[in-house]
There are 2 protein chains.
Amino acid sequence: MGVTIKDIAKEVGLSVSAVSLVLNNRPCRISAEKKEQIFAIAKRRHYIPNQAARSLVTKESRMLALILPDIENTFFSSLAKRIEDCCRREGYMLLIANSNDSYEQDKNLLRSITARGVDGLFMIVSNESYQYKAKLIQQLKHLPIPYVMVDRIYEQLSCDKVLYDNEKGAYLAVRHLQEHGHTRIGCVVNTASNNGMLRLKGYKHALEERGIEYNPCYVTEGDYRFESGYEAASRLLETDITAAFVSNDMMAIGFLKKLYELGRQVPKDFSLVGYDNSLSPFVLGVQLTSVAQDPQLLGEEACRLLTNRLKDKDTPPSTICLPPQLVIRSSVEPPLHSPDCI
Amino acid sequence: MGVTIKDIAKEVGLSVSAVSLVLNNRPCRISAEKKEQIFAIAKRRHYIPNQAARSLVTKESRMLALILPDIENTFFSSLAKRIEDCCRREGYMLLIANSNDSYEQDKNLLRSITARGVDGLFMIVSNESYQYKAKLIQQLKHLPIPYVMVDRIYEQLSCDKVLYDNEKGAYLAVRHLQEHGHTRIGCVVNTASNNGMLRLKGYKHALEERGIEYNPCYVTEGDYRFESGYEAASRLLETDITAAFVSNDMMAIGFLKKLYELGRQVPKDFSLVGYDNSLSPFVLGVQLTSVAQDPQLLGEEACRLLTNRLKDKDTPPSTICLPPQLVIRSSVEPPLHSPDCI
């Protein structure tokens, strides 16, 4: 164990409360000489103030926390870094905790992080927590510190929220394929996630707008991982689709791998649009068109909401819905031999 | 603010210390009926025990911390996830903090995380902290909690350490290229990092063993990012090298991109070995041979060292040096028109 105020008090021959007053720069009747002596001992013996004790007094820790679902997912690790940058600029440290996309972990982390005396929280709920929405909403409602829901939100909960418009993003992707003449468009989507459901909604919306009937054979599930994109391609490429909207870049690269194995070239034989815009530099020979959700912007808005909330607890909560951007590269071309090409 | 013990005491009509004894399951003379009443109020009003206050009493938080240099680097985010998995199995929560590869952040995080009353620490120092080694060693030496240095270590510091053998890994990579007949082998390395220096040492070791003179024109710097691999390739591919050892996969993919642009195929025209074995599934058309450092194993060993240390403070510290594995894929072939091909 490190040196305590008690140890310093003993060495300098003063009471614990006197030393505490000096080290916390509180007014007291200690001589300048003794004060100097106390600081010298604290330095020499590497005294670290006990934040647990100090938090009880100051009620402020200058520490914020972020609960995220998957630290290995490049979108979230990138977002975590942006949030941390913003926090540092505002004079806060950031503690990060990984829920492993589990409701149980969300519940436990909320409990224990709150109890550690952080000043505020960025919350990205796990996908599993959508099944336990009512319970988690109760827990969040009674959280003793301010918090912001980031990226994945509960519409029913009244609190500060910031997210990207997922439905709009998918709509932009599919419309782009349609504008190049594609009508038989595959879709790889994760309907276990709320954002995935919204992306499917965007896909359907773009079809409806052009009077194209929804064909369930063209839609398949993926879990946002590389392998599931590869497997989704195996299923979808047995149909007559000429293009696909794959709802994240990691799966799009799995999809590309399958296309490559089948000898089908992008964009000559097949068109593809991804989501996240996170992995394009890794893809050799293919410039993937993708829907970008800038983690920088999301992180900055989240940080702004939370730090404002810390300053002013009484303004009504706000929801910020950021517009995604379609980043057009060369992975989309008109379909081969297509009579209805625009 | 949440409900406090004081609020509960007021509602139930007992003293604060009586309520505290009940909620902490300490022996006391409160009636079973009153006890039940206290727990019921605590539940109804969503009472969360103040961990700051509790830590002062129990001296144990069941919380560990991990300081890492770059949460966006896939090796570290993957390692963080593995460490978190192990901690959870052992009944600990993990808090993660990102130092952004800065000494200033290492220093501040060490101070503030220690003060938050975590039980122990996994420390991956920033690259910058190698320039401030003496200072950081002093700070670590006086840390009031047990810690383990992970992946990047200070040899001078007596503490628990776990790392991969970087010199050996590079040696295996270069020897593999030599065994396929390559003698003019490029090297992309980050000498600003300790592990990079060790990888360069391994490269030189393999050359020496074959009596090949070290040619500084074949060696260039990279900072572990995609772009720097691409730029390193621009420089090295103007020499007469027939193969390259690129000291992480991210740079190897940048290197591949340049090869691709120049119309040179791997492995037909050029052989390549990477490091980390982290990105191979993303590379289309190229199966990259790479040196694997399994984050799972590193995380497990780190966790074992720290939890053992928490149980027994007196055993002498140990250093575990894990052997890297060369994962052979198809990115290495004998050089074209090479008379000295084996």
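Numbers restart at 1 for each chain; the letters A, B, ... are given by sequence-line order, proteins then strands. Bear in mind the structure is a predicted one, so any value in this text is a computation, not a measurement.
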- Task: Check the side chains of B:Ser78 and A:Glu72 for a donor-acceptor pair under 3.5 angstrom, ignoring hydrogens and angles.
- Result: yes
- Query: Between A:Glu11 and A:Arg44, is there a side-chain N and carboxylate O pair less than 4.0 Å apart?
  - Reply: yes
- Task: Please look at A:Gln139 and chain B and tell me whether the side chain, the backbone, both or neither of the residue comes under 4.5 angstrom of a heavy atom of that chain.
- Result: neither
- Message: At a heavy-atom distance under 4.5 Å, which candidate from B:Asn73, B:Leu66, B:Asp70 has the highest pair count against chain A?
- Response: B:Asp70
- Please flag which part of B:Glu84 lies under 4.5 Å from any non-hydrogen atom of chain A: side chain, backbone, both or neither. side chain
- Note on the structure: Applying a strict 4.5 Å limit to non-hydrogen atoms, the region of B:Ile71 in contact with chain A is both
- May I ask you to name which of A:Arg45, A:Met93, A:Glu261 has the most heavy-atom pairs under 4.5 Å with chain B? A:Met93
- Task: Tell me whether the guanidinium CZ or amine NZ of A:Arg62 lies under 6.0 angstrom from the six-membered ring centre of A:Tyr92 and within 45° of its axis.
- Result: yes
- Note on the structure: The salt bridge (Lys or Arg N to Asp or Glu O under 4.0 Å) partner of B:Asp85 among B:Lys81, B:Arg88, B:Arg89 is B:Arg88
- Message: Closer than 4.0 angstrom, basic N to acidic O: yes or no for A:Arg82 and A:Asp294?
- Response: no
